[in-house]
Amino acid sequence: MALAGVRVLELEGLGPGPLAACVLADFGADVVTICRVSNGKVQSQEDPVSRGKRSIAVDLKSPEGLAAVKKMVEKADVFIEPFRPGVVERLGLGPEDLCKLNPRLIYGRMTGFGQGGTKFATMAGHDNNYLALSGTLDFFRRGQDRPHPPANYGADYAGGGMMLAMGVLLSLLERAQSGKGQVIDAAMIDGANYVALPLYKWAQSGFMPVKPDGHMDAEKYILVQASHFCEAYLCKEDPKKPGSQQYMSVQAIEPQFYKVLLKGLNLDKEQGLPAQYDKSAWPWMKARFASIFATKTRDEWAEIFYGTDACAVPVLNYMEAATHPHNVARGSFAPTPGKAGALEPAPAPKLSRTPGSAPRRNPTPGGDTSKVLLDYGFPSAEVKDLLGKGALVEVSQSKL
């Protein structure tokens with residue numbers, strides 16, 4: 001696999017840090033998650049994206065536990081920490097401490113507002129807060145409505161986890177030339193606006209309409225469904241799915257695609273239709289389209305537009321997406337281990353020679369403690385001693 005032989009130590013957290021480590025594990029890295037031990041008990045957050053990782057439980061407040069982690073760092077390639085600035089320094093696991101032990105170490109830091117700047121760096125926050133301060137939450141609006149955050153993948157996962165994973169990969173490539181590690185300051189606020197770079201450029205060029213106060217003019221911007229040819233249309237209720245609202249996604253921006261859309265809607269021969277980009281006609285054309293889409297079910301419209309360039313596809317829920325023929329043919333989803341019938345996203349992108357692994361089980365928190373330390377070169381007697389002192393905890397592997 002692409003990252004075979006890369007050793008990653010991850011201080012357990014939630015959200016973007018675990019996703020970054022999950023991506024590395026999916027492509028072959030040996031990722032070890034370090035769970036916290038308090039009063040002899042494992043305190044695990046059990047983030048759902050821990051597939052393929054191994055887990056150890058360490059009392060980081062004990063001198064022996066801290067020393068054990070530092071000893072592992074000497075043989076690791078990557079260290080990931082998910083806390084606010086200053087937390088790991090107080091634990092004795094900050095980048096200055098660990099990079100002295102291992103100059104080749106790539107030290108990944110995952111935060112919301114970053115390691116420096118203003119008081120924001122020490123403040124709590126969540127996905128939409130980072131989007132807001134990055135200037136990107138303003139892009140998630142329609143008409144005159146307020147901003148609507150896109151669940152929590154905009155900053156947490158796209159701007160955070162994936163950016164951290166990219167930072168690790170870039171650093172591994174650079175280390176092959178220099179022989180030196182480095183510190184990655186991965187902030188969700190930075191990653192969110194970096195992913196949105198084209199939108200900033202479009203605002204500068206005028207392609208994205210902007211109001212005098214600087215906010216995006218959502219009533220005029222086609223990419224946020226201002227027009228009738230970029231919209232999600234409610235379809236006729238499907239008798240097979242009573243009570244469920246089903247939609248078609250339409251984004252026929254280019255004239256040649258718009259013509260195909262009109263044909264599918266039986267409007268291609270109608271006389272007197274306004275020009276596609278006549279903005280004064282968008283509201284009533286949107287109402288016209290809505291009335292037409294309401295005459296058939298989503299699946300009926302999907303069949304009409306299948307194989308065409310109308311840029312009209314069904315809006316699927318996550319379960320439907322996993323079993324859609326196109327996604328099945330591509331292997332976009334794979335079975336979730338231990339959950340009969342459940343499917344989850346497979347690793348992406350698809351590499352021709354060294355593809356990612358099929359989804360594997362999440363580890364039992366603290367279930368790999370002895371095996372991992374032995375793999376890192378600890379003598380078995382030392383492992384037993386650390387377990388006896390409570391610096392490490394071993395948990396029986398789950399059979400689920």
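It should be emphasised that the depicted structure is a prediction, and the values quoted were computed from it without experimental measurement.
Remark: side-chain polar atoms of Asp127 are paired, donor with acceptor, to backbone N or O of Asp156 under 3.5 angstrom. Arg84 places a side-chain N or O within 3.5 Å of a backbone atom of Thr122 that can act as its donor or acceptor partner. No donor-acceptor pair closer than 3.5 Å links the side chain of Gln245 to the backbone N or O of Cys235. A donor-acceptor contact shorter than 3.5 Å is absent between the side chain of Gln204 and the backbone of Lys201. Not a single donor-acceptor pair under 3.5 Å links the side chain of Lys263 to the backbone N or O of Lys269. With hydrogens and angles ignored, the 3.5 Å screen pairs no side-chain donor or acceptor of Arg54 with any backbone N or O of Gly367. Remark: side-chain polar atoms of Tyr107 are not paired, donor with acceptor, to backbone N or O of Val78 under 3.5 angstrom. A donor-acceptor contact shorter than 3.5 Å is absent between the side chain of Asp309 and the backbone of Phe257. Checked by atom type and distance alone, the side chain of Asp47 never pairs as donor or acceptor with a backbone atom of Leu14 at under 3.5 Å. Counting only distance, with no hydrogens or angles, the side chain of Lys286 and the backbone of Gln225 share a donor-acceptor pair below 3.5 Å.
Among all heavy-atom pairs drawn from Ile292 and Trp301, the shortest one is O-CZ2, 3.2 Å. Across all their heavy atoms, Met1 and Ser357 have their closest contact at CE-N, 3.3 Å. Across Asn102 and Ala76, no two heavy atoms sit closer than the pair ND2-O, 2.8 Å. The two atoms that bring Val195 and Ala158 nearest to each other are CG2-O, 4.1 Å, heavy atoms only. Across all their heavy atoms, Gln45 and Gly13 have their closest contact at NE2-CA, 3.7 Å. The shortest heavy-atom contact between Val31 and Ala21 is CG2-O, 3.5 Å.
Between Thr111 and Met188, every side-chain heavy-atom pair lies at or beyond the 4.5 Å cut-off. Looking at Tyr194 and Met163, their side chains come closer than 4.5 Å, going by heavy atoms from C-beta outward. Residues Asp138 and Thr136 have side chains not in contact (no heavy-atom distance under 4.5 Å, counting atoms from C-beta outward). Two residues are said to be in side-chain contact when any heavy atoms from C-beta on lie closer than 4.5 Å; Glu237 and Thr297 fail this criterion. Two residues are said to be in side-chain contact when any heavy atoms from C-beta on lie closer than 4.5 Å; His148 and Arg146 meet this criterion. Residues Thr308 and Leu261 fail the side-chain proximity criterion, which asks for heavy atoms closer than 4.5 Å. Looking at Tyr200 and Met208, their side chains never come closer than 4.5 Å, going by heavy atoms from C-beta outward. Counting heavy atoms from C-beta outward, Leu316 and Tyr247 have side chains that stay 4.5 Å or more apart.
Partner Lys371 forms a side chain to side chain donor-acceptor pair (under 3.5 Å) with one of Asp375, Thr369, Asp368 and no other, that one being Asp375. Exactly one residue among Tyr233, Tyr258, Phe293 makes a ring pair (Phe, Tyr, Trp, His ring centres under 6.0 Å) with His228. That residue is Tyr258. Put simply, the residue from Leu387, Asp59, Ile56 that forms a side chain to side chain contact (heavy atoms under 4.5 Å, CB included) with Leu392 is Leu387.
Of the inter-residue distances, the one linking Ser380 atom OG with Asp385 atom CG reads 11.5 Å to the nearest 0.5 angstrom. Rounding to the nearest 0.5 Å places OG of Ser62 at 7.5 Å from CG of Leu60. Here Asp190 contributes atom CG and Asp185 contributes atom CG; the two are 6.5 Å apart, rounded to the nearest 0.5 Å. If you take CH2 on Trp282 and CD on Glu219, they are separated by 11.5 Å, rounding to the nearest 0.5 Å. How far CG of Leu3 is from CG of Leu169: 6.0 Å, rounded to the nearest 0.5 Å. Atoms CZ and CG, from Arg175 and Leu170 in turn, are 13.5 Å apart once rounded to the nearest 0.5 Å.
Atom NZ of Lys180 is surrounded by 12 or fewer heavy atoms from other residues, nucleotides or ligands within 6.0 Å. Counting heavy atoms of neighbouring residues, nucleotides and ligands inside a 6.0 Å radius, atom CD of Glu74 exceeds 12 of them. More than 12 heavy-atom neighbours from other residues, nucleotides or ligands sit within 6.0 angstrom of CG on Asn317. When the shell of 6.0 Å around CD of Glu270 is examined, it contains more than 12 heavy atoms from other residues, nucleotides or ligands. Counting non-hydrogen atoms of neighbouring residues, nucleotides and ligands closer than 6.0 angstrom, the CD atom of Gln256 exceeds 12 such neighbours.
A salt bridge does not link Asp97 to Lys100: none of the charged side-chain nitrogens sits closer than 4.0 Å to a carboxylate oxygen. For Glu320 and Lys241, the salt-bridge test passes: some basic side-chain N is under 4.0 Å from an acidic carboxylate O. A salt bridge does not link Lys384 to Glu394: none of the charged side-chain nitrogens sits closer than 4.0 Å to a carboxylate oxygen. Using a cutoff of 4.0 Å between basic side-chain nitrogens and carboxylate oxygens, Arg104 and Glu174 are not scored as salt-bridged. Electrostatic pairing of Asp268 and Lys259 does not count as a salt bridge here, judged by no charged N lying under 4.0 Å from a carboxylate O. Salt bridge annotation for Arg142-Glu231: present, with a cationic side-chain nitrogen under 4.0 angstrom from a carboxylate oxygen.
No close placement of the His215 and Phe139 rings is indicated, their centers lying 6.0 Å or farther apart. If you look at Phe229 and Tyr277, their ring centroids are closer than 6.0 Å.
No single ILVMFWY cluster, assembled from side-chain heavy atoms under 4.5 Å apart, contains both Ile106 and Val32. Transitive grouping of hydrophobic side chains (ILVMFWY, heavy atoms separated by less than 4.5 Å) keeps Leu11 and Val395 in distinct clusters.
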Inset, instruction - Test salt bridge (Lys or Arg N to Asp or Glu O under 4.0 Å) on Glu382 and Lys71 and set out the steps. - result: CA-CA 12 Å; Glu382 183 178 358; Lys71 187 174 178 180; 3.1 Å; yes
Inset, instruction - Decide yes or no on salt bridge (Lys or Arg N to Asp or Glu O under 4.0 Å) for Asp238 and Arg298, but give the supporting numbers first. - result: CA-CA 8 Å; Asp238 191 334; Arg298 180 201 66 183; over 6 Å; no
Inset, instruction - Test side chain to side chain contact (heavy atoms under 4.5 Å, CB included) on Asp26 and Arg51 and set out the steps. - result: CA-CA 8 Å; Asp26 277 348; Arg51 65 189 191 190; 2.8 Å; yes
Under 3.5 Å, side-chain donor or acceptor atoms of residues 325-341 against the rest of the protein: list the pairs with distances, not counting sequence neighbours.
from, atom 1, to, atom 2, distance (Å)
Asn327, ND2, Ala321, O, 2.7
Thr336, OG1, Glu344, OE1, 2.6

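Remark: the Ser280 side chain and the Asp278 side chain contain an N/O donor-acceptor pair separated by less than 3.5 Å. Residues Arg36 and Gln43 have side chains that never bring a donor and an acceptor to within less than 3.5 angstrom of each other. Using modelled atom types and a 3.5 Å distance limit, the side chains of Ser244 and Gln246 yield a donor-acceptor pair.
Judged as a side-chain contact (heavy atoms from CB on, under 4.5 Å), and not counting sequence neighbours, the contacts of Ala186 are Met110, Leu164, Ile184.
Applying the ring-ring contact (aromatic ring centres under 6.0 Å, His included) rule to pairs touching residues 355-395 yields nothing, sequence neighbours excluded.
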